[in-house]
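Here's the structure, in structure tokens; my notes come after.
If you're wondering where the values come from, they're calculated on a predicted model, not measured in any experiment. Here is the naming used below: chain letters follow the sequence lines, and residue numbers restart at 1 for every chain.
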There are 2 protein chains.
Amino acid sequence: MTTAAPSSTRALDHPTRAEIRLEGVLHALSDPMRLRVVRQLAADDAGLGGLSCSQIDLPVTKSTSTHHFRVLRESGVIQQIYRGTAKLNGLRRDDLEALFPGLLDTVLTAATAQAERVSAP
Amino acid sequence: MTTAAPSSTRALDHPTRAEIRLEGVLHALSDPMRLRVVRQLAADDAGLGGLSCSQIDLPVTKSTSTHHFRVLRESGVIQQIYRGTAKLNGLRRDDLEALFPGLLDTVLTAATAQAERVSAP
DNA sequence: CTCCTCGTACGATAGACCTCGTAGTACGGC
DNA sequence: GCCGTACTACGAGGTCTATCGTACGAGGAG
């Protein structure tokens, strides 16, 4: 069938706040590619409301990107909304902060520190 | 044996502080069993200097326990020292705090919060 | 309308991971 | 010296993951 999909607004499945699990979040963040995504989203976070998938630079194919975005979404780390042909991604800061206070910022700070440490002379 | 193994003090391979990677730590903490180990070690941390493997209660076989302890050690989360026939485990709080300030405590707090949330009525 | 871009779905593959069981080594007690 | 305890090593099974390639639907640009 082509199936009667309500095409007005394609909706995506997100876990509710209560469904977000710490192990899932940690697992999502433990992959270098996904950590990279989260860092880029965090950098943008202050200025805008979301980045499209293609705005985020990853050294993998599109299929793999889609996979990582899905893992991030299903673990509750990011939120995805369709906007025309693009899909906007944003961190679920409020939910994460309510569930695990300070976790996201601590991980982001740690990631930045490590990046500087690794690339340091 | 024939091989001259210095049996005086069996040494275990630990990563140096500089070798500890954030992704490795997050991955180590993203497994429920290992998170459980870390929580028990943290609970003991104030009182003693280490718990033997068998003092930590895990619903898996010993082989599996050994595996998880190894992952925790090789990722730099815990330190292991032989003491006679037992092996004492302790968190590497200083190293983790130096590399990723606040990370361990934030995760431990989050784990406790989630445990209460899940088992709550 | 036609095309082009954005992202998805599906299948495939190779590697990692969690779990276990059995056999083996190191150390302390008798 | 002999045995029991504590943990390890090795191998195996089953599942999950990361990556890719190709083919497809949805929406804007011309």
Side-chain angles (χ1 to χ4, degrees), chain A residues 1-14 21 23-37 50-75 77-90, chain B residues 1-14 21 23-37 50-75 77-90:
Chain A
M1 42 182 347
T2 51
T3 77
S7 45
S8 60
T9 304
R10 287 177 289 168
L12 288 164
D13 220 31
H14 292 75
R21 305 297 247 100
E23 310 89 36
V25 171
L26 293 176
H27 176 241
L29 296 176
S30 71
D31 182 276
M33 292 303 157
R34 291 194 290 261
L35 194 52
R36 198 161 156 164
V37 170
L51 291 176
S52 69
C53 294
S54 53
Q55 280 179 293
I56 296 178
D57 182 48
L58 288 185
V60 292
T61 64
K62 278 191 196 173
S63 312
T64 308
S65 288
T66 298
H67 162 68
H68 286 310
F69 278 108
R70 188 202 315 230
V71 173
L72 285 170
R73 173 170 47 86
E74 292 182 345
S75 68
V77 176
I78 68 170
Q79 194 180 9
Q80 297 189 296
I81 303 171
Y82 276 109
R83 208 225 156 190
T85 163
K87 194 157 77 168
L88 295 185
N89 304 276
Chain B
M1 103 113 27
T2 69
T3 64
S7 45
S8 59
T9 304
R10 286 177 291 167
L12 287 165
D13 221 31
H14 290 77
R21 306 297 246 97
E23 310 89 35
V25 171
L26 292 177
H27 176 243
L29 296 176
S30 71
D31 182 275
M33 291 301 158
R34 292 194 289 262
L35 195 52
R36 198 162 157 164
V37 169
L51 290 176
S52 69
C53 295
S54 51
Q55 281 179 292
I56 295 178
D57 184 47
L58 288 185
V60 292
T61 64
K62 275 191 189 180
S63 312
T64 307
S65 288
T66 298
H67 163 68
H68 285 310
F69 278 108
R70 188 205 308 237
V71 173
L72 286 170
R73 173 169 48 86
E74 292 182 345
S75 68
V77 176
I78 68 170
Q79 194 181 9
Q80 297 188 296
I81 304 172
Y82 276 108
R83 209 225 155 191
T85 164
K87 195 156 76 167
L88 295 186
N89 303 277

Quickly work out the A:Leu58 CG to D:dC20 P distance and round it to whole Å.
10 Å
Nearest non-hydrogen partners of A:Gly24 and A:Ser75, listed with the distance:
O-CB, 3.7 Å
Given side-chain contact (heavy atoms from CB on, under 4.5 Å), test A:His27 with A:Ser30 step by step and report yes or no.
CA-CA 5 Å; A:His27 176 241; A:Ser30 71; 4.0 Å; yes
Candidate pair A:Leu12 and A:Arg73, rule side-chain contact (heavy atoms from CB on, under 4.5 Å), full reasoning
CA-CA 9 Å; A:Leu12 288 164; A:Arg73 173 170 47 86; 4.2 Å; yes
For nucleotides 8-21 of chain C, just jot down a letter per nucleotide in 5' to 3' order: B, S or -, based on protein non-hydrogen atoms under 4.0 Å.
BB-------SSBBB
Evaluate the criterion side-chain contact (heavy atoms from CB on, under 4.5 Å) for residue pair B:Arg70 and B:Gln80; output intermediate values, then yes/no.
CA-CA 9 Å; B:Arg70 188 205 308 237; B:Gln80 297 188 296; 5.8 Å; no
Considering all heavy atoms of both residues, which atom of B:Leu88 and which atom of B:Ser52 are nearest to each other, and what is their separation?
CD2-N, 3.9 Å
Which atoms form the tightest heavy-atom contact between B:Ile56 and B:Phe69, and what is the distance?
CD1-CZ, 3.8 Å
Search all heavy atoms of A:Leu26 against all heavy atoms of B:Leu29 and return the closest pair with its distance.
CD1-O, 3.6 Å
Pair A:Ile81-A:Arg83, side-chain contact (heavy atoms from CB on, under 4.5 Å): steps then yes or no:
CA-CA 6 Å; A:Ile81 303 171; A:Arg83 208 225 156 190; 5.6 Å; no
Between the protein and nucleotides 2-4 of chain D, which nitrogen or oxygen pairs come in under 3.5 angstrom?
none

Bending between helix ends of the helix from C:dC1-D:dG30 to C:dC30-D:dG1 [5 pairs per end, 10° resolution]:
20°
Quick one: closest heavy-atom pair of B:Leu58 and B:Met33, and the distance?
CD2-O, 3.9 Å
Does B:Ser54 put a side-chain nitrogen or oxygen below 4.0 Å from OP1 or OP2 of D:dC7?
yes
Side chain to side chain donor-acceptor pair (under 3.5 Å) between B:Thr66 and B:Ser63, worked out
CA-CA 5 Å; B:Thr66 298; B:Ser63 312; over 6 Å; no
